[in-house]
Amino acid sequence: MTSIILGVGVVLIVVILAMIFRVQSLISMVRGTPTTRETTSNKVNAVMWMVFLVLGTIGAVWSSIVAAEYFLPEASSPHGRKTDDLFWITMGITGAVFFATHVLLFYFPWRYQFRENRKASYYPDNNKLEVIWTVVPAIVLTLLVLSGWKVWRDITTEAPEDAVVVELIGQQFQWEIRYPGDKHAVIGKSRPELGAFDFRLIDANNIVGIDYTDENSFDDFMAREIHIPKNRPVLLKIRAKDVLHSVFLPHFRVKMDAVPGMPTNFWFVADKSTEEMRAELNNPEFNYELACTEVCGRGHFSMRKILIVEDEAEYNKWVAAQTPWLSRNRGYLSKVPDNLREKALRVIGPEEGPSSTDSVPAEDAASVPAPEAKKTVKMVSNPGASVEKPKTAQ
Amino acid sequence: MAAVDIPAKHDMAHGDDHDHDHEHHQSFIRKYIFSEDHKTIARQYLFSGIFWAFLGGALSLIFRLQLGFPKMDMTFLKPILGKWIQEGKLDPEFYLALVTMHGTIMVFFVLTAGLSGTFSNFLIPLQIGARDMASGFLNMLSYWFFFLSSVIMLTSLFIETGPAAGGWTVYPPLSALPQALNGSGMGMTMWLVAMAFFIVSSLLGSINYITTVINLRTRGMSFSRLPLTIWAFFLTAVIGVLSFPVLFSAALLLIFDRSFGTSFYLSEIYIGGEALHYVGGSPLLYQHLFWFLGHPEVYIVLLPALGITSEIIATNSRKPIFGYRAMIGSMMAITVLSFVVWAHHMFVSGLNPFLGSIFMFLTLIIAVPSAVKAFNYITTLWRGNIVFTTGMLFSIGLVSVFISGGLTGIALGNSAIDIQLHDTYFVVAHFHLVMGSASFFGLMAGVYHWFPKMFGRMMDDKLGAIHFWGTFIGVYLVFFPMHYMGIAGFPRRYYSFTGFEVWKELYLDLTGFITIAAGFTALFQVLFLYNFIHSIFRGRRAPQNPWRSNTLEWTAPINPGHGNWVGEIPSVYRWPYDYSKPGAKEDFIPQHIPLWETPESNLSHEIEPGAVGSGGEKVAMDRQGDIEAPTIVNNKEEKGRIDVADSDKKE
Ligand code: HEM
Ligand SMILES: [Cu+2]
Ligand SMILES: [Cu+2]
């Protein structure tokens with residue numbers, strides 16, 4: 001309501017102003033072209049530049065101070081603090097240039113407004129000046145680029161060997177999260193590795209297309225939230241199923257597109273746990289969030305996931321508590337090559353307790369060979385729901 | 001009315017249809033619709049551009065309402081938007097469609113066609129002293145291809161599945177898969193077809209501009225005497241010719257992927273419950289091709305605005321543009337560099353990080369010539385004698401927004417910093433200032449400045465001043481705060497921020513404020529429209545040279561007919577910036593005034609009064625040339641020769 005009144009008010013003011021000036025210009029037409037260019041309106045315009053300069057400066061300074069309250073808190077990653085520093089250094093330099101150039105840009109029109117008795121100076125060039133203001137910006141920019149380049153190079157180097165791997169898979173309009181699992185010792189590997197995937201293997205259950213001909217897949221598990229340990233390098237392996245998406249972790253200054261057909265990655269270290277951040281912000285509800293920053297359709301604005309940073313011990317506990325996807329979807333054992341099936345069973349362990357399924361889609365049931373026929377697959381009704389619900393007894 | 005006409009020698013201002021008197025009769029259709037006259041075509045572009053600007057602006061107001069007042073009941077828009085409003089809410093997909101069409105319209109239809117199309121067409125022949133474009137026919141085709149493109153793009157707004165909605169960059173796979181987005185169906189097809197015609201139009205135009213500038217300059221109009229406007233249009237056309245074909249191929253491959261099952265951009269896609277057959281394509285290929293045009297496009301819209309500004313600032317500061325050669329040099333540098341920075345839009349696209357470093361270096365290099373231009377503008381104002389015509393106000397405003405937006409580009413061009421800022425509102429703020437507002441101000445400056453030449457009448461400068469101040473204050477109120485949102489991480493192309501803890505409670509007042517400011521800015525554009533239309537019919541009659549400008553167009557009749565000059569085309573004897581020359585009687589000496597007529601003001605390196613040599617062509621040497629060869633033929637003899645040359649040129 002207020003905005004309507006406001007709008008109407010503005011319209012009225014504009015209309016009234018228009019009328020006044022129409023009348024004025026009619027009068028001026030009758031008088032003929034003014035013989036001087038040193039008119040009142042010229043003076044008014046000249047003064048306006050200074051008014052704009054003063055009010056604009058006040059407005060810019062005041063509003064940025066107020067707005068700064070909501071800028072993101074200090075980065076929760078070391079590289080993020082570096083890029084933040086770069087950003088603020090750049091803003092400092094450009095801010096100073098912004099202010100200086102605008103002072104001149106707005107002062108000159110006022111100072112050198114038209115005077116009948118003055119003549120502009122004929123000053124077509126000055127090579128020295130030109131050289132100065134070519135070279136100085138060039139040097140400043142070079143310094144900025146070099147410092148930016150060093151940071152960029154460090155951020156984009158290969159991830160350390162021992163990085164914790166998390167796979168993020170973008171799809172309309174949901175992120176899927178896959179972890180390599182911690183049962184690598186069982187298959188004789190020294191570190192967790194993500195299993196292979198193939199988009200052709202995607203189906204209503206295996207929504208990220210895990211390839212069970214790769215033994216690394218056996219202990220892979222899917223999660224509902226992203227958990228990462230504090231102070232350890234984390235390597236995000238990023239891909240997309242359908243269209244472009246982009247992983248954005250604003251608090252960590254992490255962003256990388258998810259591209260169908262071209263896996264990307266980004267590694268970083270989180271050095272502030274969720275708990276610490278809650279304390280720092282005095283907000284017990286606080287959570288780190290993952291957003292999508294590449295337009296991907298109707299639900300682009302809703303692709304949210306929570307990310308939890310915890311101490312390494314807690315993280316390991318959490319990982320240990322997860323069950324491999326395969327052990328909850330034993331029907332997929334049929335996809336495991338015969339020679340690896342035994343290994344797979346060792347990884348996922350014996351069937352825990354009475355386990356089974358609610359319903360079996362016909363074609364899935366058909367594709368499952370005899371030995372596994374009774375341990376069928378639970379159809380995830382919503383392919384968007386990333387985590388299988390615990391199976392119920394038959 | 002006290003119309004002030006200062007008839008020039010051959011002025012025919014008293015009949016708009018005076019060419020009937022001495023030229024073959026033209027039917028109404030040939031004269032006003034399928035016209036080959038560059039001035040008519042320019043006006044056609046201008047009217048189309050203004051139409052599109054209002055439409056593009058209106059779209060932005062609708063989605064700004066959604067952003068500023070997410071809880072608002074939008075039922076009142078239902079009469080216009082129909083099914084896109086459900087239960088008082090804007091459809092999220094239509095939100096994207098609005099953003100996409102807004103961007104496409106503003107960048108291509110307003111600031112490429114509306115700006116370049118209008119002023120390149122209007123000013124190139126008039127300022128270089130030519131009867132018309134090299135090919136009037138191609139020029140006409142160029143406009144009508146644009147018109148066709150406009151019709152298709154406009155129609156796409158009204159189709160069942162809605163217009164293209166994947167952002168103005170229309171990245172595949174989103175834009176290739178109708179399953180992914182309704183707008184990627186018919187709407188996207190129409191987008192692609194419209195853009196294909198648009199590109200044809202743009203190429204026909206650019207080829208014409210280049211040819212005309214190279215071949216049809218009047219006697220004495222050497223490249224180093226060209227007004228900076230012409231330099232800008234010329235280089236813009238060069239950029240266009242080199243980059244638009246790449247967009248064309250990008251679009252073509254996209255069409256293949258969409259309709260003929262190829263896999264240029266698509267690979268390993270599972271959507272709608274099935275794995276698609278595409279393998280081996282790369283979405284990044286599209287991004288490379290798109291931005292190979294897309295970045296130069298920024299300069300395609302910006303350079304003409306900068307050229308216009310150079311001309312207007314010099315004229316109204318009553319001072320030569322500072323560093324004429326440096327201005328040309330920096331425009332050339334921008335032209336070249338604009339082709340080697342495209343991947344700065346792709347730092348976090350999965351691009352090889354090493355390439356990212358290369359593009360970061362190249363990008364920050366391009367900031368140097370831009371900075372030089374800004375400094376030169378400011379120095380031109382220094383110790384000037386400044387007349388604030390509306391054109392001048394917009395030009396100074398342009399320099400301001402150009403600086404503001406350009407400086408944030410230094411942050412964005414730094415790949416390390418861009419990780420955080422990419423695709424946030426910081427980018428939206430940046431490009432709206434440096435590309436959107438700067439080019440828009442250039443467009444407005446040009447309209448106010450050359451209105452008298454286009455329509456033989458003056459626009460009201462008081463209303464103009466109000467329009468300017470409202471717009472200038474308005475764009476800062478709208479776009480400056482968007483930086484804050486960007487620093488707080490707000491992603492762009494978001495329908496709403498309520499889903500995220502980090503953003504849902506931030507800047508609620510600010511977004512509302514931005515929307516109100518946008519409405520406020522829009523109102524002032526209505527004022528402009530009133531002034532514009534009213535002045536076409538009822539404005540004060542224009543004097544011969546209202547701004548006391550040096551360039552050649554002001555020597556043509558107030559309402560130039562087909563062929564521009566009656567009789568001979570004036571020759572050019574000096575650069576266009578002899579303002580406030582010491583010793584001169586007036587504070588300007590137009591380009592067609594020979595040096596021998598101004599002995600009192602000639603500089604030492606300029607011609608000795610009375611020096612007579614041989615070969616009138618020599619006068620055409622550039623200013624440096626004049627130093628060594630102060631040679632001028634006998635006045636009478638030269639005039640005679642020009643007459644002959646002219647009659648040769650004229651059909
Ligand atoms: C009344 C004036 C304008 C307002 C209020 C406005 C507002 C906006 C906003 C808020 C967005 C971002 C929406 C989002 O990302 O969700 C946007 C996008 C855009 N605007 Fe404007 N704008 C205006 C004028 C212009 C002008 C003059 C241009 C010319 C260059 C322009 C070009 C664009 C482009 C290219 C986009 C990006 C579209 C996309 O993301 O695909 N806008 N505009
Ligand atoms: Cu998205
Ligand atoms: Cu660019």
Side-chain angles (χ1 to χ4, degrees), chain A residues 14 21 25 29-30 32-33 37 42 45 67 70-72 83 86-87 90 94 98 101 104-105 108-109 112-114 118-122 124-125 130 133-134 137-138 141 145 148-149 151-152 156 199-200 202 241-243 250 253 255-257 259-261 264 289 293 295 297-298 301-302 304, chain B residues 2 4 92-93 167 173-174 180-181 267-271 275 283 318-320 323 326 348-350 353 357 364 368 371-372 375 378 381-388 403 407 410-411 414-417 419-420 423 460 462-463 484 487-489 491 493-495 499-500 506 523 540 580-582:
Chain A
V14 170
F21 283 95
S25 64
M29 265 188 208
V30 174
T33 332
R37 286 171 276 172
N42 212 57
N45 279 313
Y70 298 131
F71 292 168
L72 288 170
T83 59
L86 277 177
F87 175 71
T90 307
T94 53
F98 172 70
T101 47
L104 298 179
L105 181 67
F108 288 165
Y112 300 108
Q113 59 183 286
F114 193 86
R118 197 184 52 224
K119 200 163 183 181
S121 54
Y122 187 83
D125 46 31
E130 298 279 4
W133 62 49
T134 309
L141 286 169
V145 184
W149 175 67
V151 175
W152 169 254
T156 55
F199 80 108
R200 291 182 205 85
I202 298 176
K241 279 166 67 174
D242 39 31
V243 299
R253 318 304 192 240
K255 189 175 290 145
M256 181 53 69
D257 283 5
V259 185
T264 57
E289 290 172 298
T293 49
V295 62
R298 176 180 193 93
F301 66 102
S302 61
R304 170 176 185 263
Chain B
V4 192
E93 200 166 315
L174 186 62
L181 186 70
S267 188
E268 305 189 18
I269 291 168
Y270 180 92
I271 192 168
R318 317 306 299 161
K319 251 189 93 189
V348 293
S349 64
S357 320
L364 292 196
V368 175
V372 169
F375 293 138
I378 294 175
L381 296 174
W382 179 66
R383 288 168 63 182
N385 204 14
I386 303 172
V387 187
F388 297 106
I403 293 174
L407 286 172
I410 293 174
N414 190 323
S415 52
I417 301 175
I419 294 173
Q420 177 71 1
D423 268 344
D460 186 293
K462 301 255 174 36
L463 285 187
Y484 305 148
I487 297 172
R493 294 169 176 166
Y494 262 37
Y495 171 74
F500 288 84
L506 304 193
L523 277 181
R540 206 151 45 85
S580 301
K581 214 170 175 191

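Numbered from 1 within each chain, the chains take letters A, B, ... in sequence-line order. Only this structure's heavy atoms are used, side chains among them; waters, hydrogens and symmetry mates stay out.
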*asked:* Need one label for T264(A): side chain, backbone, both or neither, based on atoms under 4.5 Å from any heavy atom in chain B.
replied: side chain
*Heavy-atom distance under 4.5 Å to chain B: side chain of V259(A), backbone, both or neither?*
side chain
_N414(B) backbone acceptor or donor facing W152(A) side chain under 3.5 Å_ = no
*What heavy-atom pair brings E130(A) and V372(B) nearest, and what distance separates the two atoms?*
OE1-CG1, 3.9 Å
*State the OG1-CD1 distance between T101(A) and I378(B), to the nearest 0.5 angstrom.*
5.0 Å
_Part of T90(A) lying under 4.5 Å from any heavy atom of chain B_ = side chain
*Which region of E289(A), side chain (C-beta onward) or backbone (N, CA, C, O), has a non-hydrogen atom less than 4.5 Å from a non-hydrogen atom of chain B, or is it both or neither?*
side chain
_Check: R118(A) main-chain N/O paired with N385(B) side-chain donor or acceptor under 3.5 Å_ = yes
*Using a cut-off of under 4.5 Å for heavy-atom pairs, which of G384(B), A275(B), P92(B) has the most such pairs with chain A?*
G384(B)
_Top contributor to chain B interface from S121(A), G261(A), A67(A), P250(A) [non-hydrogen pairs under 4.5 Å]_ = S121(A)
*Would a distance-only check, ignoring hydrogens and angles, find a side-chain to backbone donor-acceptor pair under 3.5 Å from N42(A) to I386(B)?*
yes
*Show your reasoning for whether side chain to side chain contact (heavy atoms under 4.5 Å, CB included) applies to L381(B) and Y112(A).*
CA-CA 8 Å; L381(B) 296 174; Y112(A) 300 108; 5.9 Å; no
*For the candidates G350(B), A411(B), A180(B), which exhibits the highest count of non-hydrogen atom pairs separated by less than 4.5 Å from chain A?*
A180(B)
_Tell me which of these, W133(A), W149(A), F108(A), has more heavy-atom pairs under 4.5 Å with chain B than the rest._
W133(A)
_Which of G489(B), S415(B), P582(B) touches chain A most, by non-hydrogen pairs under 4.5 Å_ = S415(B)
*Between F301(A) and Y495(B), does the ring centre distance come in under 6.0 Å?*
yes
*Mind ranking V145(A), L104(A), T83(A) by heavy-atom pairs under 4.5 Å with chain B and telling me who comes out on top?*
V145(A)
*What option among A488(B), P283(B), A326(B), A371(B) has the most heavy-atom pairs under 4.5 Å with chain A?*
A488(B)
*Starting at CD of E268(B), measure out to CD1 of I202(A) and round the result to the nearest 0.5 Å.*
9.0 Å
*Backbone N or O of Y122(A) within a donor-acceptor pair of the R383(B) side chain at under 3.5 Å?*
no
_Interface residue of largest heavy-atom contact number with chain B, from P109(A), A138(A), P137(A), under 4.5 Å_ = P109(A)
*If you measure from CG on L407(B) to OG1 on T94(A), what distance do you get to the nearest 0.5 Å?*
5.5 Å
*asked:* Ignoring hydrogens, what is the shortest heavy-atom contact between L174(B) and V295(A)? Give both atom names and the distance.
replied: CD2-O, 3.5 Å
*To the nearest 0.5 Å, tell me how far T156(A) OG1 sits from I419(B) CD1.*
8.0 Å
_R253(A) to Q420(B) - nearest heavy-atom pair and separation_ = CA-OE1, 3.1 Å
*Select, from T134(A), T293(A), N45(A), the one with the greatest count of heavy-atom pairs under 4.5 Å involving chain B.*
N45(A)
*Indicate the atoms forming the closest heavy-atom contact of A416(B) with L86(A), along with that distance.*
CB-CD1, 3.9 Å
*Hey, which of Q113(A), R304(A), R200(A) has the most heavy atom pairs under 4.5 Å with chain B?*
R304(A)
